[in-house]
There are 2 protein chains.
Amino acid sequence: MTVMETTATGTDTCAGPPQQNRRPDGQDRYTISEVVALTGLTAHTLRWYERIGLMPHIDRSHTGQRRYTNRDLDWLDLVGKLRLTGMPVADMVRYAELVREGDHTYVERFELLKTTREDVLARIDELRGTLAVLDRKISFYADAGRALASERSR
Amino acid sequence: MTVMETTATGTDTCAGPPQQNRRPDGQDRYTISEVVALTGLTAHTLRWYERIGLMPHIDRSHTGQRRYTNRDLDWLDLVGKLRLTGMPVADMVRYAELVREGDHTYVERFELLKTTREDVLARIDELRGTLAVLDRKISFYADAGRALASERSR
DNA sequence: CGCTTGCTTGGAGTGCACTCCAAGGTTCTA
DNA sequence: TAGAACCTTGGAGTGCACTCCAAGCAAGCG
């Protein structure tokens with residue numbers, strides 16, 4: 001059996017919620033500017049991701065222009081999510097390498113995902129702590145505001 | 001009345017949970033290396049915070065060495081929390097300026113805190129979305145792992 | 001006293017994640 | 001078939017948040 005999540009290639013994307021504005025598989029050849037519109041990334045950033053190995057080598061038209069597939073968009077979605085967690089780009093590149101290397105890296109990928117999951121949980125907890133501090137300060141300011149208002153009306 | 005949260009100075013800290021390893025008010029004069037130990041920041045960063053206006057001017061010993069107070073530590077705690085939210089240092093400097101400018105900036109501070117609160121909530125939501133994606137992939141990998149194991153045992 | 005360790009300053013350097021540039025080829029619309 | 005809009009590359013530049021450096025003063029100890 002194979003550990004790949006999709007059949008044909010070495011990419012690693014498992015079907016999430018269906019994406020908007022996509023063309024059906026088979027006619028999925030997007031120019032870089034279409035991908036810019038779909039992802040919110042800049043063309044610069046897309047080329048840079050490819051250069052540093054965060055993307056697989058993107059398919060080209062007969063004249064050398066990039067043609068992205070639905071699979072590439074899925075990968076970019078995952079990268080976007082991981083970026084939100086604060087994961088360094090270098091770590092994402094590492095993950096991309098593992099995917100390219102094939103099935104035998106599957107345990108390492110699994111561990112990496114679990115570690116990332118723990119990081120995200122910790123991050124959410126930190127933010128909840130910060131939220132508590134903010135709420136305390138906000139209610140202080142609200143009280144101070146009410147006190148000022150009642151003083152003014154006296 | 002005054003909108004200051006503490007009596008004597010223009011700092012802006014409302015009593016959170018009591019802090020560990022602090023000296024009682026009145027004997028609160030910490031060297032920079034003590035503050036390093038208490039906050040986890042580097043001395044470089046502490047001096048830099050002061051230079052860019054993120055800290056009030058720190059009290060000095062008769063020979064010009066910094067002596068931090070409990071109030072300074074409270075402020076650093078708040079800065080630490082805000083930093084966790086991803087708030088740019090420039091925005092924190094802006095908040096510090098508002099505090100220094102006095103009571104008449106209180107509405108603006110209030111708004112800034114509320115905006116930050118919304119940002120934190122949005123950030124937590126993003127992270128929850130990422131968590132869902134990670135969990136989906138993790139359970140995929142776990143299933144693949146079980147499949148491999150049962151194949152091996154056949 | 002000498003020694004070590006700690007603190008001071010302004011300014012320069014670092015690492016990350018983009019972001020932009022110049023010069024030229026490609027694709028689309030009129 | 002002309003013009004506008006889009007795409008290509010390697011390499012250089014940017015902004016942020018630190019991070020470090022050199023040169024020198026300060027403090028505690030035997």
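The sequence lines fix the lettering, A, B, ..., with proteins before strands; numbering per chain opens at 1. In this text, all values refer to a predicted model and were calculated from it rather than measured experimentally.
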Between the axis at one end of the helix from dC1(C)-dG30(D) to dA30(C)-dT1(D) and the axis at the other (five pairs apiece), what's the angle to 10 degrees? 10°

Spell out protein contact along nucleotides 17-23 of chain C as letters: B when the base is contacted, S when just the sugar-phosphate is, - when no protein heavy atom is under 4.0 Å; keep the 5' to 3' order. SBBB---

Would you please test Thr85(A) and Lys81(A) for side chain to side chain contact (heavy atoms under 4.5 Å, CB included) and show each step? CA-CA 7 Å; Thr85(A) 71; Lys81(A) 293 284 185 205; over 6 Å; no

Any donor and acceptor pair, going by atom type alone, linking the side chain of Arg109(A) with main-chain N or O of Tyr141(B) inside 3.5 Å? no

Of all residues at least two apart in sequence or in a different chain, which pass the side chain to side chain contact (heavy atoms under 4.5 Å, CB included) check with Ala43(A)? Ile32(A), Val36(A), Arg47(A)

Under the side chain to side chain donor-acceptor pair (under 3.5 Å) criterion, do Tyr68(A) and Asp28(A) qualify, and how do the steps go? CA-CA 7 Å; Tyr68(A) 291 82; Asp28(A) 53 339; over 6 Å; no

For the pair made of CD1 in Ile52(B) and C1' in dG10(C), what is the distance, rounded to whole Å? 16 Å

With sequence neighbours excluded, tell me which residues meet salt bridge (Lys or Arg N to Asp or Glu O under 4.0 Å) with Arg60(B). Glu50(B)

Tell me, which pairs form a salt bridge (Lys or Arg N to Asp or Glu O under 4.0 Å) where one or both residues lie in residues 84-95 of chain A, sequence neighbours left out? Arg94(A)-Glu97(A), Arg94(A)-Glu108(A)

Qualifying residues under side-chain hydrogen bond (donor to acceptor under 3.5 Å, both in side chains), relative to Thr69(B), sequence neighbours excluded: Asp72(B)

What pairs meet the salt bridge (Lys or Arg N to Asp or Glu O under 4.0 Å) rule with one or both residues in residues 29-42 of chain A, with sequence neighbours excluded? Arg23(A)-Glu34(A), Arg29(A)-Asp59(A)

Can you tell me the distance, in whole Å, between the CD1 atom of Ile58(B) and the P atom of dT9(C)? 11 Å

For Thr31(A) and dC6(D), is the shortest distance between a side-chain N/O and OP1 or OP2 below 4.0 Å? no

Report the residues that fulfil side-chain hydrogen bond (donor to acceptor under 3.5 Å, both in side chains) with Thr116(A), sequence neighbours left out, ordered by chain and then residue number. none

Indicate whether OP1 or OP2 belonging to dC7(D) is found under 4.0 Å from a side-chain N or O atom of Arg66(A). no

Sole candidate of Gln65(A), Arg67(A), Arg66(A) that passes side chain to side chain contact (heavy atoms under 4.5 Å, CB included) when paired with Ile58(A): Arg66(A)

Return the polar atom pairs (N/O with N/O) between nucleotides 25-29 of chain D and the protein under 3.5 Å, or none.
residue : atom : partner  : partner atom : Å
dA26(D) : O3'  : Thr63(B) : OG1          : 3.4
dA27(D) : OP1  : Thr63(B) : OG1          : 3.1

Using a cut-off of strictly less than 4.0 Å between a heavy atom of the residue and any atom of DNA chain D, enumerate the qualifying residues of residues 117-125 of chain B by number. none

Value in whole Å for how far the C1' atom of dG6(C) lies from CZ of Arg60(B): 15 Å

Salt bridge (Lys or Arg N to Asp or Glu O under 4.0 Å) against Asp135(B), all qualifying residues, sequence neighbours excluded: Arg117(A)

Results of side chain to side chain contact (heavy atoms under 4.5 Å, CB included) for Thr115(A) - residues two or more places apart only: Asp119(A)

